[in-house]
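Worksheet for the structure shown next.
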Amino acid sequence: MKVLLELIRIVFLFVFIGGILSAFINYVYSKLGTNIDTYGWMGLIAILILLFVLYRNKYQFSGWYTGKGREKLPTKVSKGLISISILLMLLPPILSFFLS
């Protein structure tokens with residue numbers, strides 16, 4: 001039962017928080033004149049990566065599941081994923097500016 005509750009929690013976090021962040025990123029992209037249809041997927045992937053890092057380093061320790069496999073991501077992996085995510089968020093306006 002704890003595993004099912006944790007899965008529901010994960011889906012809720014990713015859908016609810018991911019949806020809010022995605023709407024915000026798309027709003028910012030539209031204000032910057034970025035073509036959301038072409039480059040919007042980059043922002044979505046960036047948000048998913050950030051949520052994954054956030055869950056693995058913080059949220060998994062405050063949930064219902066207490067079984068095996070509960071450990072933080074290594075620091076280098078966390079920093080690398082966050083860097084990739086930031087790069088993916090910054091790329092659409094830059095690509096839109098130079099390729100338009």
Side-chain angles (χ1 to χ4, degrees):
M1 186 66 175
K2 288 183 178 183
V3 174
L4 181 62
L5 287 172
E6 188 66 21
L7 286 174
I8 292 170
R9 181 174 173 252
I10 291 169
V11 169
F12 177 77
L13 286 171
F14 274 70
V15 171
F16 185 70
I17 295 174
I20 291 172
L21 290 175
S22 178
F24 176 73
I25 292 291
N26 285 338
Y27 175 76
V28 171
Y29 286 169
S30 67
K31 289 295 182 186
L32 292 174
T34 303
N35 186 355
I36 298 170
D37 295 331
T38 306
Y39 301 114
W41 63 272
M42 288 184 194
L44 180 63
I45 298 292
I47 290 168
L48 290 175
I49 291 171
L50 282 176
L51 286 174
F52 171 74
V53 172
L54 184 65
Y55 178 79
R56 284 293 305 265
N57 289 341
K58 182 171 172 62
Y59 288 141
Q60 78 174 345
F61 301 109
S62 63
W64 289 287
Y65 182 69
T66 56
K68 294 181 181 178
R70 292 181 44 180
E71 58 185 49
K72 287 186 174 184
L73 290 173
T75 305
K76 288 184 181 181
V77 173
S78 292
K79 287 180 181 179
L81 287 173
I82 291 171
S83 299
I84 290 170
S85 180
I86 291 170
L87 179 67
L88 282 172
M89 278 189 210
L90 294 176
L91 264 177
I94 294 170
L95 289 175
S96 181
F97 177 74
F98 286 113
L99 298 178
S100 295

Subject >> Nearest heavy atoms of Ala46 and Ser85, plus distance in Å >> reply: O-OG, 2.7 Å

**OP:** Give the minimum heavy-atom separation between Gly43 and Tyr29, together with the two atoms involved.
**Re:** CA-OH, 3.9 Å

Original post:
Is there a donor-acceptor pair under 3.5 Å between the side chain of Ser83 and the backbone N or O of Lys79?
Top reply: yes

Original post:
Do the two ring centres, one from Phe12 and one from Phe16, sit under 6.0 Å apart?
Top reply: yes

Subject >> Flag side-chain contact, heavy atom, 4.5 Å: Leu50 against Leu54 >> reply: no

**OP:** Would you indicate whether the side-chain heavy atoms of Leu99 and Tyr39 approach each other to under 4.5 Å?
**Re:** yes

Original post:
What heavy-atom pair brings Asn26 and Ile36 nearest, and what distance separates the two atoms?
Top reply: O-CD1, 3.4 Å

Original post:
Short question: side chain of Arg9, backbone of Tyr59 - any donor-acceptor pair under 3.5 Å?
Top reply: yes

**OP:** Over all heavy atoms of both residues, which pair between Gly18 and Ile47 is shortest? Give the atoms and the distance, please.
**Re:** CA-CG2, 4.0 Å

**OP:** Heavy atoms only: give me the nearest Lys72-Asn57 pair and the separation to one decimal.
**Re:** CE-O, 3.3 Å

Subject >> Straight-line distance of Leu91 CG to Ser96 OG, nearest 0.5 Å >> reply: 11.5 Å

**OP:** Tell me whether Val15 is reachable from Ile49 by hopping between hydrophobic residues (I, L, V, M, F, W, Y) whose side-chain heavy atoms are closer than 4.5 Å.
**Re:** no

Original post:
Going hydrophobic residue to hydrophobic residue with side-chain gaps under 4.5 angstrom, can you get from Leu44 over to Val11?
Top reply: no

Original post:
Are side-chain heavy atoms of Leu51 and Leu13 found at a separation under 4.5 Å?
Top reply: no

